[in-house]
A.B. asks: 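Take a look at the following structure, please.
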Amino acid sequence: MEVRVRFAPSPTGYLHVGGLRTALYNYLFAKHHGGKCILRIEDTDRTRFVENAQENLIKSLTWAGVEFDESPEVGGDYGPYIQSQRFDLYTKYANELLENGSAYYAFDTAEELDAMRERQQKAGIAPKYDRTVMRNEFTLGKEETKKLIDAGTACVIRLKVPLNAEIRFTDAIRGDVVVTGRDVDDQILLKSDGFPTYHLANVIDDHLMQISHVIRGEEWLPSTPKHVLLYQAFGWECPQFAHLPLLLNKDKTKLSKRQGSVAVEDFVEKGYFKEAFVNFIALLGWNPTADREIFTMDELIQAFNLEKVNKSGAVFDTQKLDWMNSQYLKTLPLDYLTELLMPTLEKFNFEKVCKEYVSSVINLLKERITFLNEIPVFGNYMFEKPKTYEQDYIDKHWKENTTEIMKKLIEKLRNAADWKHETTHDITKAYVESSGLKLKDVIHPLRLMLTGKSVGAGMFETMEILGKEECMERLDYFINKNS
RNA sequence: GGUCCUAUAGACUAACGGUUAGGUCACCAGCCUUUCACGCUGGCAGUAGGGGUUCGAAUCCCCUUAGGAUCACCA
């Protein structure tokens, strides 16, 4: 049987990192088995329409490298892939359920339902639709029901849960799960506006789209019995369920907006590499080996299996993500990094920056930063003359005789045959030794004059990339200014 | 509260009955050194508790505890 999985988000306007992980696992699973990964938009809640939601979703997914074989954009044989465009289907199937006695009409108002729940809460019982006392087909009778329907009375269609049924299914991650019908609510399947609820639409679409594995978040585990019941009522075969452990806040509650960034686009903006982000997210709740952390997408596909997915939730802690990002910064190809950085650089109004130069600057600085976009700030002096000089650094390293010492060194450097870092290093070393000084005594002043900062890459490597002309200008400027 | 799920260090995890309980991040120390990093070496730190089963339990079973999810005409 062909593996067909689906990622079925509701369009909320942004992609949640938990959603990305679910999408990613679906994608990895499908690719691992040479199957298909499908994107379906679950927009059956008309009260929660968000402008451009679908575009944003797909943008983030594409950024991460999760691609779909069938989706609203690329199409496919089982479309449409947007639930609001499949409206007629749901009504048709709901009627089928009505006819075979698996569902029934109910006429209760929101107020009546609220009152029922309140009563139950007070009595200390779990809130659950009581079809023996509420206004529905059973309490009203067939004739009265028909009359109300014909009169156009607002109504919903509910699932008739067999009270004594023992509902069981096997979850690929959690094993056998058994629930009794008594604990399952008579779920509304078709709302009074004619739209289906998630439960109905989801089951119908998964069946019609021939989904083989339903891989989704653990929050769906409690409602899975309803879905199993629906498959049975239709006489359809259940897909294989796999409920993923939750992503958690630091306080171990379900990862939420309140406690920090959860939108993938926020992490894009912060400057994380997609390679690092995907790598990190993939390893939250699943681990292929004990002794390895870095995986490319292809390697993840190769290694992925549902059996090794954890059962317990994972705290989404970005400390390790930062480390991973720095690892990728060190190993990603220079050309790729340069392409990524160029647009960012343009915003800084630095004078003419060319790719070759940017490349060498990235190479110079990448070992001491975590994010690529730190370069224009951390290494601003590579693109512009120092505007300020760290006072603490001056106080610490600029002694009384430093000006004289540096003047002499500058002259030696001015006569350098070339500007390779080995050459300038040798010149400086020779000078220092002949003057009875230490390298430190001149390197710090040099760094100060050239960069204005106390922190940076190796001094002579920095000078090489800056170029002789630029270095001499900065050195002369500083000396003149201070004498 | 009902139902369900889960439990290895601060975080992510490995060990599918037999290991001195392993790795990574973070943290600490040392080395390297030209500042800051990288890197290298070492260190701190864990099987929630209690009962069983077994020659032997982190691992299987039960209870307790703790945490979580879910109980909408949201998904």
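Throughout, protein chains are lettered first and strands after them, A, B, ... in sequence-line order, and every chain is numbered starting at 1.
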A.B. asks: For A:Lys330 and B:G39, is the shortest distance between a side-chain N/O and OP1 or OP2 below 4.0 Å?
C.D. replies: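 Yes, within the criterion.
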A.B. asks: Counting only Watson-Crick pairs (N1-N3 plus N6-O4 or O6-N4) and G-U wobbles (N1-O2, O6-N3), all under 3.5 Å, who is the partner of B:U33?
C.D. replies: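 Pair assignment: B:U33 / none.
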A.B. asks: Given that both distances must come in under 3.5 Å, which nucleotide forms a Watson-Crick or G-U wobble pair with B:A7?
C.D. replies: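 Pairing partner, where one exists within any strand: B:U65.
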A.B. asks: Does the Lys NZ or Arg CZ of A:Lys191 fall within the cation-pi geometry relative to A:Phe195 - under 6.0 Å from the ring centre and within 45° of the axis?
C.D. replies: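 No, A:Lys191 does not lie over the aromatic ring of A:Phe195.
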A.B. asks: Output yes when at least one side-chain N/O atom of A:Lys252 is less than 4.0 Å from OP1 or OP2 of B:U6, else no.
C.D. replies: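 No, no such contact exists.
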A.B. asks: Heavy atoms from C-beta onward define the side chain here; which of B:G2, B:U3, B:A11 lies closest to that of A:Val179?
C.D. replies: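 Out of B:G2, B:U3, B:A11, the nucleotide with an atom closest to A:Val179's side chain is B:U3.
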A.B. asks: Scan every strand shown for a Watson-Crick or G-U wobble partner of B:G1, both distances under 3.5 Å, and answer none if you come up empty.
C.D. replies: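 Here B:G1 is engaged in a pair, and the nucleotide opposite it is B:C71.
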A.B. asks: Only pairs with both distances under 3.5 Å count, Watson-Crick or wobble alike; so what is the partner of B:G42 in this structure?
C.D. replies: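 Base partner found: B:C28.
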A.B. asks: Under 4.0 Å from OP1 or OP2 of B:U6: is there any side-chain N or O of A:Asn310 that close?
C.D. replies: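 So the side chain of A:Asn310 is outside the cut-off, no N or O lying under 4.0 Å from OP1 or OP2 of B:U6.
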A.B. asks: Using distance alone, with no hydrogens and no angle criterion, decide if A:Glu275 and A:Tyr336 have a side-chain donor and acceptor under 3.5 Å apart.
C.D. replies: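 Present: a donor and an acceptor within the cut-off.
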A.B. asks: Using a heavy-atom cut-off of 4.0 Å across all strands, would you classify A:Gly285 as base, sugar-phosphate, or nothing?
C.D. replies: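 Answer is sugar-phosphate: A:Gly285 comes under 4.0 Å of backbone atoms only.
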A.B. asks: Name the closest nucleotide to the A:Lys191 side chain, picking from B:U13, B:U34, B:C74.
C.D. replies: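 Ranking B:U13, B:U34, B:C74 by closest atom to the A:Lys191 side chain puts B:C74 first.
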A.B. asks: Could you say whether A:Leu439 or A:Trp286 is positioned toward the 5' end of RNA chain B, judged by the nucleotide with the nearest heavy atom to each?
C.D. replies: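 Result of the comparison: A:Trp286.
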A.B. asks: Can you work out whether A:Leu246 or A:Ile188 has the more 5'-proximal nearest nucleotide on RNA chain B?
C.D. replies: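 Residue closer to the 5' terminus by nearest nucleotide: A:Leu246.
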A.B. asks: B:U6, B:G68, B:C36: which one has an atom nearest the side-chain heavy atoms of A:Val455?
C.D. replies: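 Among B:U6, B:G68, B:C36, the one nearest the side chain of A:Val455 is B:C36.
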A.B. asks: Is a salt bridge present between A:Asp114 and A:Arg117, judged by a nitrogen-to-oxygen distance below 4.0 Å?
C.D. replies: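 A salt bridge is present here (some side-chain N lies under 4.0 Å from a carboxylate O).
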A.B. asks: Without decimals, in angstroms, what is the distance between A:His243 NE2 and B:C4 C1'?
C.D. replies: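 The distance from NE2 of A:His243 to C1' of B:C4 comes to 11 Å, rounded to the nearest Å.
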A.B. asks: Within the 4.0 Å heavy-atom criterion, would you say A:Thr253 contacts the bases, only the backbone, or no part of the nucleic acid?
C.D. replies: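 Result for A:Thr253 = sugar-phosphate.
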A.B. asks: Which nucleotide, B:C5, B:U35, B:A75, lies nearest any side-chain atom of A:Leu221?
C.D. replies: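 Looking only at heavy atoms from C-beta outward on A:Leu221, the closest nucleotide is B:C5.
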A.B. asks: Salt bridge (Lys or Arg N to Asp or Glu O under 4.0 Å), that's the test. Do A:Glu374 and A:Arg368 meet it? Break it down for me.
C.D. replies: CA-CA 10 Å; A:Glu374 284 178 66; A:Arg368 28 209 106 210; over 6 Å; no
A.B. asks: Looking for any heavy atom pair under 4.0 Å, which part of the strands does A:Thr197 touch: base, sugar-phosphate only, or nothing?
C.D. replies: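 Sugar-phosphate, no base atom in range.
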A.B. asks: Considering just the side-chain nitrogens and oxygens of A:Thr44, establish if one lies under 4.0 Å of OP1 or OP2 belonging to B:A75.
C.D. replies: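 So the side-chain polar atoms of A:Thr44 do come within 4.0 Å of the phosphate oxygens OP1 or OP2 of B:A75, strictly under.
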A.B. asks: Think A:Arg117 has a side-chain N or O under 4.0 angstrom from the OP1 or OP2 of B:C73?
C.D. replies: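 Looking at the OP1 and OP2 atoms of B:C73, one of them is under 4.0 Å from a side-chain N or O of A:Arg117.
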A.B. asks: Indicate whether any N or O donor in one side chain lies under 3.5 Å from an N or O acceptor in the other, for A:Arg182 and A:Asn164.
C.D. replies: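 A donor-acceptor contact under 3.5 Å links the two side chains.
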A.B. asks: Is A:Asp108 touching bases, backbone alone, or none of the nucleic acid, heavy atoms closer than 4.0 Å?
C.D. replies: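 Base, at least one base atom sits under 4.0 Å.
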A.B. asks: Out of the candidates A:Ile215, A:Leu39, A:Asn202, only one should pair with A:Arg6 under the side chain to side chain contact (heavy atoms under 4.5 Å, CB included) rule; please name it.
C.D. replies: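 Only one option passes, and that is A:Asn202.
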A.B. asks: Quick one: label A:Phe280 by what it contacts on the DNA or RNA (base, sugar-phosphate, nothing), any heavy atom closer than 4.0 Å.
C.D. replies: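 Contact class for A:Phe280: none.
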A.B. asks: Tabulate atom names and distances for all N/O pairs under 3.5 angstrom spanning the protein and nucleotides 19-28 of chain B.
C.D. replies:
from	atom 1	to	atom 2	distance (Å)
B:U24	O4'	A:Glu293	OE2	3.2
B:U24	O2	A:Lys320	NZ	2.8
B:C25	O2'	A:Lys320	N	3.4
B:A26	O2'	A:Gln319	NE2	3.3

A.B. asks: Among the nucleotides B:C38, B:C12, B:A69, which one has an atom lying closest to any side-chain atom of A:Glu219?
C.D. replies: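 Closest nucleotide to the A:Glu219 side chain: B:A69.
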A.B. asks: Ignoring hydrogens and angles, answer whether the base of B:C74 and the side-chain atoms of A:Arg48 contain a donor-acceptor pair closer than 3.5 Å.
C.D. replies: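 Donor-acceptor pair under 3.5 Å: yes.
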A.B. asks: By nearest atom, which of the nucleotides B:C71, B:A69, B:U34 is closest to the A:Pro222 side chain?
C.D. replies: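 Minimum distance to the A:Pro222 side chain belongs to B:A69.
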